[in-house]
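Below is one structure, written out as structure tokens; the observations come after it.
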Amino acid sequence: MPEGPEVETVRRGLTRLVVGRKVLGTEVRWEKTISGMAPEEFDAELVGRTIEKVDRRGKYLLFRFSGGLTMVSHLRMEGAYYTVPAGTEPGKHDLVTFHLDEGIDLFYRDTRKFGRMNLVPDADALQVAGLAKIGPEPTEKDLSLAYMVSEFAKSRMHVKPFLLDQSHIAGLGNIYVDETLWQSQIHPLTAANKLSEDELARLRENIIHEITRATEHHGTTVHSFTTAFGEAGEFQNELQVYGRVGEPCLRCGHPLEKMKVAQRGTTYCPVCQVVKD
DNA sequence: GGAACTGTTATGAA
DNA sequence: GTTCATAACAGTTC
């Protein structure tokens with residue numbers, strides 16, 4: 001489901017729906033979701049704690065509980081949180097239930113079961129696998145052009161998998177990488193270290209702008225993403241290449257094409273986006 | 001029926 | 001060290 005803007009949308013929803021609520025009990029119906037911790041231990045750790053805040057870093061959610069405990073949660077492809085009235089029967093794909101006070105149950109649903117949760121002391125939260133080496137947030141403040149120039153120069157990887165690698169820039173996924181490469185007129189197979197400073201400046205501006213706009217539109221819903229309020233995002237209506245294979249390029253009119261790059265479907269314009277050597 | 005697809009990333013091998 | 005394919009899983013599409 002989610003890239004940075006979708007996870008941020010979930011974070012904002014959770015902030016309104018569950019911050020201030022106390023955990024009365026939990027039920028885990030798929031143990032791998034809690035990273036191998038025994039469900040009894042998971043429950044014992046959380047019962048009695050209050051959700052004080054929900055933070056985000058890249059595509060990770062950080063639930064801050066009272067008493068210095070953080071739950072690091074990654075939704076992977078299809079994870080989703082939503083609240084229901086206490087006592088609601090969980091469905092087949094509702095893997096974890098958090099029984100909260102004031103008659104609220106928080107459900108974690110994950111059809112493909114890829115998502116993971118980790119309970120750690122606050123101080124260790126940013127050391128959890130994946131977060132330890134995560135790159136800067138794609139914002140004007142955190143993602144400088146100087147960083148882009150030095151970071152891209154270090155790698156000969158194709159720019160598409162380079163951007164999907166969260167250690168370079170946090171929060172980009174398949175949709176926003178295809179969108180911003182098209183906007184920047186960069187071919188997905190261009191080597192990262194072959195991009196000029198002008199191209200990197202363009203790419204940087206497009207990434208920051210796109211992520212900002214997508215967040216304002218509550219994210220992109222193409223398969224299953226919903227906000228914590230159970231609503232679809234609206235940014236799918238703004239996409240310029242993703243899901244438009246065969247349709248005309250909005251810049252030159254040539255039909256968009258699709259290929260595999262690093263095992264991921266990649267939509268691009270063969271005329272506007274050319275490989276540099 | 002079944003092969004190939006899908007907003008992701010940890011892992012192990014080359 | 002870097003880069004790459006595969007696996008984890010279920011549902012939908014062709």
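Naming convention: chains lettered A, B, ... in sequence-line order (proteins, then strands); numbering from 1 in each chain. Just so it is clear, the model here is predicted, and its values are computed rather than measured.
- Taking side-chain N and O atoms only, A:His74 has a distance below 4.0 Å to OP1 or OP2 of B:dT9.
- Between the P atoms of B:dG12 and C:dC9, the separation comes to 16 Å (whole Å).
- Going from atom NZ of A:Lys32 over to atom P of C:dA7 covers 14 Å, rounded to whole Å.
- Distances were taken from every side-chain heavy atom of A:His93 (C-beta onward) to each of C:dA8, C:dG11, B:dT8; the shortest belongs to C:dG11.
- Looking at heavy-atom distances under 4.0 Å, A:Lys133 makes no contact with the nucleic acid at all.
- Ranking C:dT3, B:dA10, C:dG11 by closeness to the A:Arg76 side chain, first place goes to B:dA10.
- Heavy atoms of A:Lys154 sit nowhere under 4.0 angstrom from any nucleic acid atom.
- Between the NE2 atom of A:His158 and the P atom of C:dT2 there is a distance of 17 Å, rounded to whole Å.
- Atom CD in A:Gln263 sits roughly 12 Å away from atom C1' in C:dT3 (whole-Å rounding).
- Going from atom CE of A:Met157 over to atom C1' of C:dT2 covers 9 Å, rounded to whole Å.
- If you check B:dC5 for Watson-Crick or wobble pairing at under 3.5 angstrom, you find it paired to C:dG11.
- Shown are A:Thr266, A:Thr267, A:Asp178, A:Leu163; of these, the side-chain contact (heavy atoms from CB on, under 4.5 Å) with A:Pro188 is made only by A:Thr266.
- Taking atom CG on A:Leu75 and atom C1' on B:dT6, their separation rounds to 16 Å, with Å as the unit.
- Side-chain proximity of A:Lys59 to B:dT8, C:dA10, C:dT3: nearest is B:dT8.
- Using a 30° and 60° split on the angle between ring planes, A:Phe98 and A:Tyr81 fall in the tilted class, from 30° to 60°.
- Nucleic acid contact class of A:Ser155 (heavy atoms, under 4.0 Å, all strands): sugar-phosphate only.
- A:Lys258 has a side-chain polar atom (N or O) that falls below the 4.0 Å cut-off from OP1 or OP2 of B:dT6.
- With both ends at atom P, the span from B:dC5 to C:dA5 equals 14 Å, rounded to whole Å.
- Among the protein residues, A:Gly115 comes within range of no part of the nucleic acid, since none of its heavy atoms lies under 4.0 Å from any strand.
- Between A:Glu140 and A:Arg204 there is a salt bridge, since at least one side-chain N of the basic residue sits less than 4.0 Å from a carboxylate O of the acidic one.
- Protein atom NZ of A:Lys160 is 16 Å distant from nucleotide atom C1' of C:dA5, rounded to whole Å.
- A:Tyr60 comes within contact range of the sugar-phosphate backbone alone, with a heavy-atom separation under 4.0 Å but no base atom that close.
- Classification of the A:Tyr82-A:Phe107 ring pair by plane angle, with boundaries at 30° and 60°, yields perpendicular.
- Atom name P, nucleotides C:dA7 and B:dA3: the rounded distance is 15 Å, in whole Å.
- Nucleotide C:dG1 is matched to nothing when pairs are restricted to Watson-Crick or G-U wobble geometry with both distances under 3.5 angstrom.
- When heavy atoms are screened at a 4.0 angstrom cut-off, A:Tyr242 is found touching the sugar-phosphate backbone but no base atom.
- Within 4.0 Å of A:Arg264, counting heavy atoms only, lies at least one base atom of the nucleic acid.
- Across the protein-nucleic acid pair, A:Lys260 atom NZ and C:dA5 atom C1' stand 12 Å apart, rounded to whole Å.
- In this structure, A:Asn193 and A:Ser155 have side chains that are not in contact, with every pair of non-hydrogen atoms separated by 4.5 Å or more.
- With ring centers used as reference points, A:His218 lies 6.0 Å or more from A:Phe235.
- Atom CD of A:Gln166 is separated from atom P of B:dA10 by 9 Å (rounded to the nearest Å).
- For the pair A:Arg112 and A:Gly130, both in contact range of DNA chain B, the more 5′-proximal nearest nucleotide belongs to A:Arg112.
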